[in-house]
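Structure, as structure tokens:
Since this is a predicted model, take the numbers as computed values, not measurements. Order of the sequence lines fixes the chain letters, A, B, ..., with proteins taken first and strands second; residue numbering starts at 1 for each chain.
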Amino acid sequence: MVKVAIWGSLRGFTEGRAEIEVEAATTKEMLDKLVEAYPGLRPQVERGVSVAIDGFVYKDAWFTPIRPDSEVVLMPLMVGG
Amino acid sequence: MSRIHVTTSVNGDEVDFLCEPDETLLDALRNRLGLTGSKEGCGTGDCGACSVTLDGRLVCSCLVLAAEAEGREIATIEGMAEGEALHPLQKKFIEHAALQCGVCTPGILVATKALLEKNPDPSETEVRYWLAGNLCRCTGYDKIIRAVMDAAAELRRA
Amino acid sequence: MALDKQTTAKREFKVVGTRPLRPDGVDKVTGKALYGADLTAPGMLVGKILRSPHPHARIRSIDTSAAEAAPGVKAVITHADFTLPDDEDMRDILVNCMAFNKALYDGHAVAAVAAISEAAAKAALKLIKVDYEVLPHVTDVDEAMKPDAPVIERGRQAETVGEGFSENVTSYCEFGHGDIEAGFTRADHVIERSFKTEATHQGYIEPHACLATFTTDGKADLWCCTQGQYMVRRVCSAIMDMEASQLRVTPSEIGGGFGGKTTVFIEPVALMLAKKSGRPVKIVMSRSDVLRASGPTCSSSMDVRIGMTKDGRITAGHAKLRYQGGAFPCGTVEMGAMAAFAAYDLEAVRTQGWNAMTNRPKQAAYRAPGAPMAIYAVESVVDELCQHLGLDPLDVRLKNAAKAGTKASYGVTFTDIGLSACLAAAKAHPHYAAPLGPGQGRGVSCGFWFNFGGDTCVTLNVNMDGTVSVTEGNPDIGGSRASIGMMAAEELGVPFDKVRTQVVDTASLGYNEVTDGSRVTFAVGLATIKAAQAAKAEMCRRAAMIWGIDAEAVTWEDGCAKPSGPNAGDFPPMTLAEIAAVSSQTGGPIAGHHEVNADGAGVSFGVHLVDVEVDPETGATKVLRYTVFQDAGKAVHPDYVEGQMQGGAVQGIGWALNEEYIYGEDGRLQNAGFLDYRVPVASDLPMIDTVILEIPNPGHPYGVRGVGETSIVPPLAAIANAVSRAAGVRLTELPMSPPRILAALDAARPKAAAE
């Protein structure tokens with residue numbers, strides 16, 4: 001199981017939980033499982049999210065492997081200058 | 001409105017063109033003569049990207065009418081290097097990394113050359129005030145000032 | 001690759017870290033380099049855009065008949081010529097380029113013409129009759145959030161926004177951890193302040209410009225100044241409802257962007273005019289159009305509350321950020337809310353952000369978008385706490401600094417970061433100990449940016465004469481051709497002058513993300529190194545064939561293939577040039593390429609020190625001395641790393657002291673020119689000293705970190721903190737223009753003096 005940290009304003013859709021455990025080995029699996037478990041997250045996931053794994057930020061990368069002990073943080077999609 | 005026939009000298013070459021009465025010298029240089037080295041950053045004389053000299057005097061070519069060029073001598077960035085040999089200012093700008101995007105660079109070089117012709121040994125403050133009408137948004141001016149001071153020193157030695 | 005990041009950053013570099021002359025230097029000092037407005041085409045028309053004079057108005061009708069009939073006019077277009085795309089982001093971009101049912105801000109495009117001359121095009125614009133129903137408008141963020149505010153567009157609110165706001169509030173975000181109220185209870189002193197910052201503009205000297213051609217069989221070519229030709233192709237092909245392959249976008253040299261050229265404003269208009277007229281069409285924005293109708297930053301309104309113990313430990317931090325990003329939804333406040341407290345290792349932190357729509361142009365990215373204002377507010381309150389408690393501002397920041405293992409307020413745990421090293425370098429620097437005169441003050445601030453990687457595609461060809469051509473797809477905005485070429489030369493073991501780097505059109509490579517997020521030297525560099533490695537592997541294979549040994553028994557060293565293992569010393573090494581010379585005979589051309597969605601960019605921290613003097617008579621602030629400390633991971637070309645640090649610092653100085661969007665009661669922009677929108681000029685400034693630190697980024701083979709953006713972040717608070725110490729007044733509104741400082745000084749002066 002992977003623990004995924006959810007940012008504050010999304011917790012209204014996760015029954016207030018700041019951390020959700022899902023069975024996932026890649027970022028795509030992780031996002032799919034999150035949306036399956038908490039359909040209220042779908043609009044934000046479809047708008048776009050970045051995922052930080054062990055401190056590194058990944059954008060739109062489905063098959064980035066996630067280890068069970070990885071730190072996984074959901075982040076809004078990053079935009080730059 | 002009928003067009004005006006203008007005969008003038010650009011970088012030592014005699015040229016002529018037809019222009020509208022309200023056309024700027026900058027537009028004539030760029031669109032009639034194909035000299036696109038002078039840039040339009042504002043069109044109101046605030047940014048200096050279009051700097052050229054008119055009879056040796058530094059002007060914003062966006063504030064000069066093309067018709068005013070009749071019988072005058074214009075120098076633009078395209079005339080600064082002599083053949084393959086870059087002017088010392090041009091060399092120093094590359095050496096000191098005094099440009100990033102480079103769009104203000106032609107105007108700054110023309111303006112600086114005009115300064116060094118009047119004042120071969122300017123202080124840093126004099127350079128900064130002389131170039132206060134030439135905006136650069138990339139460099140923070142630091143490396144530009146260093147390049148100018150170094151080029152001035154080299155020109156004094158020459 | 002993600003889980004076994006390796007770094008060879010301790011290696012000895014031969015090319016990386018040196019300062020060769022940039023390859024595009026001569027073109028740019030002689031006026032030969034071609035920028036957006038510099039290209040012409042035979043039969044070319046001049047395109048001009050009619051813009052709304054109203055900040056908010058329903059468009060009842062547009063009558064273009066007189067303009068169409070005018071002499072020399074070849075095409076007139078309005079929104080009726082476009083079809084709204086299904087995709088919401090694309091729809092917003094199109095509606096920003098050409099108003100549909102409503103004009104949403106002063107300067108919003110409503111129609112366009114293409115004519116045979118500038119004069120004919122201008123005359124035609126005057127013949128277009130737009131029937132407007134003027135609507136109430138709002139340009140201030142706080143006003144726009146009030147429940148009774150005029151609504152820009154209904155139905156844009158995200159599900160996360162709570163009750164009590166107008167429909168202009170499109171999104172809400174929240175980050176943080178720990179119990180902040182318990183943290184504030186533990187504090188010896190708590191300060192809460194409210195701040196406002198005005199919108200600023202990237203202020204690139206080159207206005208947006210493009211030249212479009214469209215053939216009757218549906219193929220199009222576009223030349224434009226942009227931070228990303230592939231983005232332009234993606235957006236414009238979607239808007240024009242054409243296949244991406246039918247549109248070729250060639251990037252011109254770019255005269256500055258800083259984020260403002262990561263979207264489109266005029267390109268779809270030029271394409272539609274070219275399609276309708278059957279002729280090439282060039283559009284060049286005027287400076288006033290750039291300021292009114294391209295993409296300035298968000299303006300902001302913020303509340304920050306921080307608690308500190310007597311010995312300088314921050315016990316809790318709370319920030320509420322309200323940004324407006326113009327007439328469309330905008331996610332920049334999320335970046336601000338994530339970045340606000342990034343420099344601190346905190347047990348309890350909470351940031352909240354709201355975005356509101358207003359009758360202003362759609363904001364675009366500007367160097368570390370969203371971060372400068374949020375960090376300005378936080379760093380101002382930290383500094384005021386230091387003043388109140390009598391603590392050294394660098395010591396306090398060192399005591400609370402985020403470091404490897406710190407859980408950031410936005411959730412991630414940092415790996416190796418350079419903040420403490422920057423703070424220590426600032427503390428030890430002679431600048432920090434230099435004496436100050438009367439009326440002078442010194443300020444300090446930290447800065448942060450995330451940095452990105454993203455889609456990147458590089459091809460590296462080994463030419464038969466032993467030279468190397470690198471083909472990349474990111475416009476060179478500040479010397480990146482040099483840094484990319486240097487990394488290719490380093491990896492191949494050849495001199496820098498044997499490598500030429502070209503930035504190419506959209507037909508020549510796969511998708512490359514825009515030049516943004518400080519990504520180019522990191523991500524394009526990474527792809528270039530990998531492409532060079534692929535070419536080296538191929539050259540080793542060719543040498544093995546020539547020698548008749550196994551390819552595995554050949555290694556690449558110092559620009560040569562060498563036999564190794566059991567064959568070591570059996571054959572003299574073959575240079576790159578020797579292998580390239582016989583490439584045809586050994587199987588054909590030699591190339592390496594690499595395509596990646598690059599990750600591992602590595603966050604960036606910096607610390608700025610500034611001395612200022614405030615004139616009590618005029619309220620004018622003079623910057624006396626400035627030093628930038630920033631972690632570059634590995635500085636590939638130190639001149640251009642310094643250039644990024646200096647340029648960003650000066651843009652931040654402008655944001656702090658003089659730059660602002662000024663909207664009148666009528667909702668119109670009052671200072672749409674460089675005379676009144678005043679960017680820093682040479683005589684405003686001292687030299688900008690730089691100290692580059694190199695804490696290798698484990699996500700890059702050479703340890704490189706992006707350096708482009710962080711430097712704009714610290715100046716806002718550094719200068720506010722210096723002004724506070726110089727003049728005894730703390731400004732909570734930006735810019736700190738002379739009238740604002742004077743008003744604060746007057747308010748602080750004893751009343752008796754006037755009586």
Side-chain angles (χ1 to χ4, degrees), chain B residues 1 20 22-23 27 30-31 34-47 49 76-78 80-81 86-87 89-91 93-107 109 124-125 127-146, chain C residues 19 21-22 24-35 37-40 117-119 202-207 253-258 284 286-288 476-479 637 639-640 642-651 653 673-675 679-685 687-690:
Chain B
M1 277 192 298
E20 304 289 342
D22 62 352
E23 189 168 324
D27 281 344
R30 291 177 54 85
N31 303 333
L35 296 172
T36 56
S38 306
K39 306 299 179 191
E40 178 166 320
C42 67
T44 50
D46 298 315
C47 81
T76 72
I77 185 66
E78 285 90 348
M80 191 178 275
L86 294 182
H87 186 279
L89 271 167
Q90 293 172 309
K91 272 193 255 178
F93 266 60
I94 300 175
E95 271 175 42
H96 284 268
L99 55 141
Q100 284 179 35
C101 82
V103 82
C104 71
T105 309
L109 285 167
E124 182 195 326
T125 303
V127 175
R128 286 186 179 276
Y129 276 88
W130 182 269
L131 290 178
N134 289 84
L135 303 182
C136 168
R137 193 58 160 170
C138 293
T139 65
Y141 304 101
D142 182 295
K143 291 181 189 299
I144 291 174
I145 303 300
R146 289 177 201 278
Chain C
R19 302 177 188 238
L21 302 183
R22 64 189 284 167
D24 52 339
V26 173
D27 283 349
K28 287 180 176 169
V29 299
T30 54
K32 288 193 180 74
L34 293 174
Y35 292 82
D38 294 342
L39 207 67
T40 51
S117 69
E118 178 100 11
Q202 300 85 356
Y204 33 80
I205 305 300
E206 180 200 29
E253 290 301 328
I254 177 170
F258 316 108
V284 181
S286 69
R287 178 55 53 183
S288 108
D476 180 349
I477 208 160
H637 192 310
D639 278 346
Y640 292 101
E642 291 162 8
Q644 291 296 319
M645 290 159 70
Q646 293 165 332
V650 168
Q651 286 184 318
I653 290 170
F674 272 145
L675 190 61
V679 307
V681 303
S683 54
D684 294 341
L685 298 162
M687 291 297 187
I688 308 295
D689 296 327
T690 56

Partner chain C: residue of [options] with the largest heavy-atom pair count (under 4.5 Å):
options                       : value
B:K39, B:E78, B:M80           : B:K39
B:G34, B:G133, B:C101         : B:C101
B:L131, B:I144, B:T105, B:T36 : B:T36
B:N31, B:D142, B:I145         : B:D142

Relative to chain B, which segment of [X] carries a heavy atom at a distance below 4.5 Å: side chain, backbone, both, or neither?
X      : answer
C:V29  : both
C:L675 : both
C:I653 : neither

Side-chain contact, heavy-atom cut-off 4.5 Å: [X] with [Y]?
X      : Y      : result
C:L21  : B:E95  : yes
B:T44  : C:R287 : no
C:Q644 : B:C138 : no
C:R22  : B:L99  : yes

Quick check on [X] against chain C: is it the side chain, the backbone, both or neither that has a heavy atom closer than 4.5 Å?
X      : value
B:L135 : both
B:T139 : backbone
B:A49  : side chain
B:E124 : side chain

- What do the steps show when you test B:R128 against C:D684 for salt bridge (charged side-chain N to carboxylate O under 4.0 Å, His left out), and what is the final call? CA-CA 8 Å; B:R128 286 186 179 276; C:D684 294 341; over 6 Å; no

- Task: Check side chain to side chain contact (heavy atoms under 4.5 Å, CB included) between C:S288 and all other residues, then give those that pass, not counting sequence neighbours.
- Result: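 Counting only residues at least two positions away or on another chain, C:S288 forms a side chain to side chain contact (heavy atoms under 4.5 Å, CB included) with C:S286, C:R292, C:A672.
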
- Message: Run the side chain to side chain contact (heavy atoms under 4.5 Å, CB included) test against C:S117 and tell me which residues pass, sequence neighbours left out.
- Response: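 C:S117 satisfies side chain to side chain contact (heavy atoms under 4.5 Å, CB included) with C:A119, C:A120 only.
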
- Message: For a quick test of reading the model, state the closest non-hydrogen atom pair linking B:P106 to C:G31 and the distance between them.
- Response: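 Smallest interatomic distance, heavy atoms only, reads CG-CA, 4.4 Å.
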
- Query: Which heavy atom of B:D46 sits nearest a heavy atom of C:F674, and at what distance?
  - Reply: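 Looking at all heavy atoms of both residues, the closest pair is CB-CB, 3.6 Å.
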
- What's the spacing between B:E20 CD and C:E118 CD if we round to 0.5 Å?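 Separation between the atoms: 10.0 Å.
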
